[in-house]
Structure formats: C-alpha cells, structure tokens
**Student:** 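One structure is given below, represented as structure tokens, and several questions about it will come after.
Naming: A, B, ... by sequence-line order, numbering from 1 per chain.
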Amino acid sequence: MAYSPDETTSLSARSRIRTAIEAALTKAGIEGGTDMVHLERPANPENGDISCNVALVAAKKLRRNPRELAGMIRDALELEKDFVDGVEVAGPGFLNFTFSREYLSSQVATINTLGSSYGASDIGKDRKVQVEYVSANPTGPLVIVAARAAAVGSSLVNILRKTGHEVEAEYYLNDAGSQVRKLGLSLMARFRQRLGEDVEFPEDGYPGDYLVDIAAEIPEETGREWLGSGDESAREAFGSLALEKIIVWIREDLEKFGVHFDTFFNESTLHREGGEVAEALEFYKNKGVVYEKEGASWFRSTDFGDEKDRVLVRSDGTPTYFLADAAYHLNKFRRGYDHVIDIFGPDHHGHISRLKAASVVFGANEDWLDVMTVQWVRLIEDGQQVKMSKRGGVFETLASLVEDVGSDASKFFFLMRKTNAHLDFNLTLARKSTDENPVYYVQYAHARICSVIAFAADEGVKFPEDLDCVDKLVEPEEIGLIRHLVVFPQLIEGAAEACEPHRLTTYAQELAASFHRFYHICRIVSNDTRLSQARLLLAEATRIVLAETLNLLGISAPERM
RNA sequence: GCGCCCAUAGCUCAAUUGGAUAGAGCGUCUGGCUACGGACCAGAAGGUUGGGGGUUCGAGUCCUCCUGGGCGUACCA
C-alpha cells in the first residue's frame, strides 16, 4: 500500500492536488494568482472526485481560451501516479481528477485507524469562538422556535469543535427589565385569584397556565406576607420566584433535549454597580455617538448603517434592552473571542444592524459578530397547522415536543432545513417509527451495521490486524460507498465555514442510502475470508462516519432499534 | 411606506458559496427476500426553479423590477 493511514485523509489529498495545480500554473507561466484555484466535488461522479475550474477563471482574466489553458495546466501537472488515476480536461475547461482505486480503498483503512476523530481538522486552530443561542426570555417554558434554535446551535457548536475551534456555548438570560416586572405582576394576580379574590389579570401579563401552577405551589402564608409588604416589594418577591422556577424548567428542558451550555449569563449582572451597562454608556458618550433628545439618550446608529437612531436611556432614567444588549456584547468583546455568533429568533432580526453598530464602536471588526436568524416553525399534524398562541397561553413547548416525538426525531427535523427559512414540522411523520421517517432510515443503517459486525464475530470473521485486505474492495457499490465516506472531512469544513449544520442531515441520508445499496448487493460475511474482512472494515468505516455525523447533529446512533 | 427573510416535483426539503444533465424523501405506479436486520433494494412517472428583464463561457444561486407570504419598523423585550 502506497499510503500509511495517518497521512492520507482526503483533506490532504485535496491539499496535494491544490499544491500541484498552483505549481503547474507557475510552470506553465499562467498568471492571475493562486487564489483562482478552487476545488470542488463534481455532482456527477463521471466528472471525477475533485474538479477545478481554474482554467475558466484564468481564461476570463487573461482573455484566453479556457480549454487551451486547461490543457497547458494538465501538461504541467506533476502528481503521483498511484494517487489519482488521471486528469481530464472536460466541458468548457474543467480539470477533473479521479482518485485511484488504491487510494480510495486505502481510505477505508484510514477511517478504521482514525475512528471518531476522522473528519477532524484544525482550520479553527487558535480561534476562540462563542456561540450564543436560544436565550429565550425566562417568562415561560421554551417554545418550538427555541427548540429549533437549540438544535441548530448545539450542532453548530459540535461542528466548530470538530474543526478545531475553541468554542463556548452560552445562554443569555434576560433576568432584568420590564418583562420580569410583568412576570411578577402576573404571578401576583394568579396568587390572589387562588385566594379567591376577584382581581383583573394584567392586560400585558403572561396568561399561560404555568403561572397558575407556580401560584399553587406558593405556601399561603408566604404569599400573604409578600402581598402585605407593599406593591413594589410584593411584585419583586413574586417576580423573582417566577423567574427562579422558570429558569429551572428551561435548564431541565434543555438537558432533556440533550443540549448543553457552558455558561448561563445573567443580564442582571450587567446592571450592577460598575457593570457594563454604565460602562458602555460612558464609553459611547466619550466616543461622541450619543446625544440627548426629549430627555432620553440616543445612540447615533444611523452613522453605522442602521435605519434609525436608538434610545439607550429612557427619559425616566432606565436603560433600554438595547443598551443592555450592547453592554453584553462589550462584555463578550472583553472576554477575548475572535468571533462571536449570535443565533436570534425570527422576531429579533431587527436588532442585527444596531448591535453590529454597537460592537464596531467599541472596537470590534465588522465581521467579529455574526448573527444568524432561526425562522419560524409551523407544526403540521395530519396536514393541518397546529394553532398556537403565546398570548392566549396555548402553545406547544419544547418539553411537550420531546415527549411527543422524542429528541432524536425533533433535532433531525429541525436540522433538515436551512435555519433562515421557515420550517414546516410534520408531527405526524416525526412520530412514526417506520421507513417513512428519515431519522429511522439513518439510524437503521447504523443499527444494521452493528448487527452485521456481531454476526460476523459469531461466524469467526474478525477485524484483521493487517488492513491491506481493503484492496479487495472493487465492486461499484463498494467504491460508491467509499466515495461517500471520503467526502466527510470536506463536508464538515464546509458546514463549519458556512455555519450550516443542516448539510449533515442531507449527508447522513445519502450515506445511509449508499450503505444500504452496498449491503444489498455485496454479501459481507462469506467463505472468502480476506474479502469478508475487507467488507467488514468498510462496514465499520461507514458505521464510524454515520455515528460521527449523528453525533455532530446531537442525535443518538443506536446499536439496536 | 421602508428594511430584512422566504418562494425549487402533488407535499416536505437539497443543490458543494457562480459550475457540467436541478437531486432526495414522502405520496403514486411497477418489480425484488430459502444466508449477514425487508425499518431494505431496483425501476417509472413527476420541473419554464413564483414572473419579467439584466450581468457572462455558465444563473436556482448575483443585479433590477413585479407578484405572493413571514418578520421587523417602540423611550417592549
């Protein structure tokens, strides 16, 4: 075998091809710079494993014939023979590289050697990144959009870690401000109703039943004591109790969903004496981006592309949500992240430009802060939209969804679509544990492999010490499957760079399909020991990649179903 | 009104950041198990990528206008 497993990931294959093309450009005297070189995987396998359009790009720049340039580059290329089978000039001037069968089969050995670290890279080396997501207001249980954000955010965190980033997952808890006030008033009303008093529920309060439940748990004596302590003090007491209870729910629900945060950041800490709220305001004033109008302090965010200026401090002296948020990002900035990714709900996309403006003022680069928006989810049951109304207190929660369809199916469905597009969540389909459900299709492939490996062991076929038997893998279904496996590292990099975890669900389905095809045509355990061992290694390599893909999505890879 | 997002097969979604013949699943139709999990596999039908212009070797992807939906447009969060 020409390649030892350690140095033959498909990434290094790509980088070697890249290097060779760059050298060939120089050798052939083609100018235009090496940043013209982009490698991609052709959609059609007939066009090889890796394709490069550099001749087309150069042709435009140099006003020359692309196919002619492609020919020149090909002639100047120096690549090891056993690595790629050949280089073809195709179509309008693509250079198509096809991996040799030896190279492909050697990758099966590589994957077996690397195990779950296959696909890992260091493109995020020395990059400290924060991902802030969910961050739903603690005024009630987490709802469906928050569940989607949780699925997306946690998967993104996994992917970034896989690519070598140092990542911190954070939840911003808005435990201060007017909503907590409303929450306190709402709970207070519920408690008084429980005592039989005929009180009107606050018009802008939180009407959900959960506050009735919390009110029911308050010892009557305690509650009466609070009510007797004066309006303001009572509101605070009820408010902080509600907050405390709800935050516990939120944390429990997220845990049950299998979503973990490194940090829960309390907004209230920003408002403390000497906190970032006061500091940020001072900072902005010194920068000259604040002005006074009608008794309030305004941030000149229009200078930074926002559509209008924003209030920082109201005329009654209280800071706005925006000032707190700006202060929060000042805090993040000081923590030294190279990159901060905020995942916002659909109702917050208006904040993006002003928050970016706020960040730039305290010295962040334009691209320091990235804001992704997670769009709405519609729940569809039997073809009908499930009606939800937070205001009316009727809504599907993350907890009830997990209870209903399970966290694996929920996450998979949330991660099937691009995050900034609306999503129709088919509850009826997600509930099914049949072949119609894509989650089961993928998990089934994993379970099937585990079962075959166990069967093989019973039949006396074990994993070989010497991995050279992989050169027995020559059937089209075998090669097709390997081609899918080899793409994995590049897929992960792409998903990390584009912040698009949904690419993995598509991949998982394709890989599972490719395995099932192979399994159907190629008998794994047979009389031919070496062939059996080779196919066992291929099955195991597939299992490794499937398990890792599911793992990055936050979904379990069951050995039995 | 203005700003941002979305529109792709009957339905739900992809499409490698501008690439080659736009792909999967579900649904519909046809076929396939005496051996490793049939929760599977093979095949068929299904498209003017919402519409019109433009940019170039090349557009679902970029620019522009239009249509239809969502969100935002607070001294709420």
**Student:** CG of Leu491(A) versus P of U17(B): gap in Å, rounded?
**Tutor:** 12 Å
**Student:** For Tyr321(A) and A77(B), give me the distance from atom OH to atom P, rounded to whole Å.
**Tutor:**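 It is 9 Å, rounded to the nearest whole Å.
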**Student:** Looking at U17(B), C36(B), A39(B), which one has an atom nearest to any side-chain atom of Ala498(A)?
**Tutor:**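 Between U17(B), C36(B), A39(B), the one nearest the side chain of Ala498(A) would be U17(B).
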**Student:** Need one value for Ala43(A): base, sugar-phosphate or nothing, where a base atom within 4.0 Å counts as base even if backbone is also close, heavy atoms only.
**Tutor:**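 Contact class for Ala43(A): base.
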**Student:** Distance check, P atoms only: C29(B) and G38(B), in whole angstrom units.
**Tutor:** 24 Å
**Student:** Distances under 3.5 Å between protein N/O atoms and the N/O atoms of nucleotides 70-75 of chain B, please, pair by pair.
**Tutor:**
{"from": "C71(B)", "atom 1": "O2'", "to": "Pro346(A)", "atom 2": "O", "distance (Å)": "2.8"}
{"from": "C71(B)", "atom 1": "O2", "to": "His349(A)", "atom 2": "NE2", "distance (Å)": "3.1"}
{"from": "A74(B)", "atom 1": "O5'", "to": "Lys308(A)", "atom 2": "NZ", "distance (Å)": "3.3"}
{"from": "C75(B)", "atom 1": "O3'", "to": "Arg314(A)", "atom 2": "NE", "distance (Å)": "3.2"}
{"from": "C75(B)", "atom 1": "O2", "to": "Ser315(A)", "atom 2": "N", "distance (Å)": "2.6"}
{"from": "C75(B)", "atom 1": "O2", "to": "Ser315(A)", "atom 2": "OG", "distance (Å)": "2.8"}
{"from": "C75(B)", "atom 1": "N3", "to": "Ser315(A)", "atom 2": "OG", "distance (Å)": "3.0"}
{"from": "C75(B)", "atom 1": "N4", "to": "Glu294(A)", "atom 2": "O", "distance (Å)": "2.8"}
{"from": "C75(B)", "atom 1": "N4", "to": "Glu294(A)", "atom 2": "OE1", "distance (Å)": "3.4"}

**Student:** Applying a 4.0 Å non-hydrogen cut-off, can you work out what Cys450(A) is touching in the nucleic acid: base, sugar-phosphate, or nothing?
**Tutor:**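 If one applies the 4.0 Å heavy-atom cut-off, Cys450(A) turns out to touch nothing in the nucleic acid.
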**Student:** Think Arg417(A) has a side-chain N or O under 4.0 angstrom from the OP1 or OP2 of C13(B)?
**Tutor:**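 So the side-chain polar atoms of Arg417(A) do come within 4.0 Å of the phosphate oxygens OP1 or OP2 of C13(B), strictly under.
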**Student:** With a 4.0 Å cut-off on heavy atoms, is Ala447(A) in touch with a base, just the backbone sugar-phosphate, or nothing at all?
**Tutor:**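 Contact class for Ala447(A): base.
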**Student:** Have a look at Arg517(A) and say if it touches a base, only the backbone sugar-phosphate, or nothing, with a 4.0 Å heavy-atom cut-off.
**Tutor:**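 Answer is sugar-phosphate: Arg517(A) comes under 4.0 Å of backbone atoms only.
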**Student:** Sugar-phosphate means primed atoms, P, OP1 and OP2; the rest is base. With that split, encode nucleotides 56-62 of chain B 5' to 3' as B, S or - using protein heavy atoms under 4.0 Å.
**Tutor:** -BB----
**Student:** Can you identify which nucleotide, out of C13(B), A77(B), C40(B), has its nearest atom closest to the Asn174(A) side chain?
**Tutor:** A77(B)
**Student:** Does Glu477(A) reach a base, just sugar-phosphate, or nothing at all? Heavy atoms under 4.0 Å.
**Tutor:** nothing
**Student:** Any base atoms under 4.0 Å from Asp309(A), or only sugar-phosphate, or nothing? Heavy atoms, all strands.
**Tutor:**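 Asp309(A): no heavy atom of the nucleic acid under 4.0 Å.
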**Student:** Rounded to whole angstrom, note down the P distance from C5(B) over to C65(B).
**Tutor:** 14 Å
**Student:** For the base of A35(B), is there a side-chain donor-acceptor partner from Asn527(A) under 3.5 Å away?
**Tutor:** no
**Student:** Considering all heavy atoms of both residues, which atom of Gly153(A) and which atom of Ile343(A) are nearest to each other, and what is their separation?
**Tutor:** CA-CD1, 3.6 Å
**Student:** For a quick check of understanding: with a heavy-atom distance under 4.0 Å over all strands, which category does Thr505(A) fall into, base, sugar-phosphate or nothing?
**Tutor:** nothing
**Student:** Looking at every strand, decide which applies to Ile521(A) at a 4.0 Å heavy-atom threshold: base, sugar-phosphate, or nothing.
**Tutor:**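 Counting heavy atoms under 4.0 Å across all strands, no contact is made by Ile521(A).
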**Student:** I'd like the C1' distance from U8(B) over to G25(B), given in whole Å.
**Tutor:**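 That atom pair is separated by 15 Å.
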**Student:** Using a cutoff of under 3.5 Å, can you pull out all pairs of nitrogen or oxygen atoms linking the protein to nucleotides 23-25 of chain B, with atom names and distances?
**Tutor:**
none

**Student:** Would you mind pulling out the nucleotide paired to A44(B), Watson-Crick or G-U wobble, both distances under 3.5 Å?
**Tutor:** U28(B)
**Student:** Suppose you measure atom P in A20(B) against the same atom in G58(B); what distance do you get, rounded to whole Å?
**Tutor:**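 Looking at atom P only, A20(B) and G58(B) are 14 Å apart.
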**Student:** Answer yes or no: is there a donor N or O on one side and an acceptor on the other, between the side chain of Asn96(A) and the main chain of Glu88(A), under 3.5 Å?
**Tutor:** no
**Student:** Distance check, C1' atoms only: C62(B) and U56(B), in whole angstrom units.
**Tutor:**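 Those two atoms are separated by 11 Å.
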**Student:** Taking side chain to side chain contact (heavy atoms under 4.5 Å, CB included) as the criterion, tell me which of Lys462(A), Glu540(A), Glu559(A), Arg448(A) meets it with Ile453(A).
**Tutor:**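 When Lys462(A), Glu540(A), Glu559(A), Arg448(A) are each tested with Ile453(A), the side chain to side chain contact (heavy atoms under 4.5 Å, CB included) holds only for Glu540(A).
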**Student:** If you measure from the P atom in U28(B) to the same atom in U34(B), how many Å do you get, rounded?
**Tutor:** 26 Å
**Student:** Might you point out which heavy atoms bring Thr542(A) and Leu485(A) nearest each other, and give the distance in Å?
**Tutor:** CA-CD2, 3.8 Å
**Student:** Please state the P separation for the pair A15(B) and G60(B) - nearest whole angstrom.
**Tutor:** 15 Å
**Student:** Salt bridge between Glu381(A) and Arg431(A), side-chain N to carboxylate O under 4.0 Å?
**Tutor:**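 A salt bridge links Glu381(A) with Arg431(A).
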**Student:** Taking the same atom, P, in G19(B) and in A39(B), what whole-Å distance lies between them?
**Tutor:** 40 Å
**Student:** Identify whether any heavy atom of Asn47(A) sits under 4.0 Å from a base atom; if not, whether one sits that close to sugar-phosphate; answer base, sugar-phosphate or nothing.
**Tutor:** base
**Student:** Pick base, sugar-phosphate or nothing for Ser451(A), based on heavy-atom distances below 4.0 Å to the nucleic acid.
**Tutor:** base
**Student:** Looking at Ser186(A) and Tyr206(A), would you say the former's side chain and the latter's main chain have a donor-acceptor pair under 3.5 Å?
**Tutor:** yes
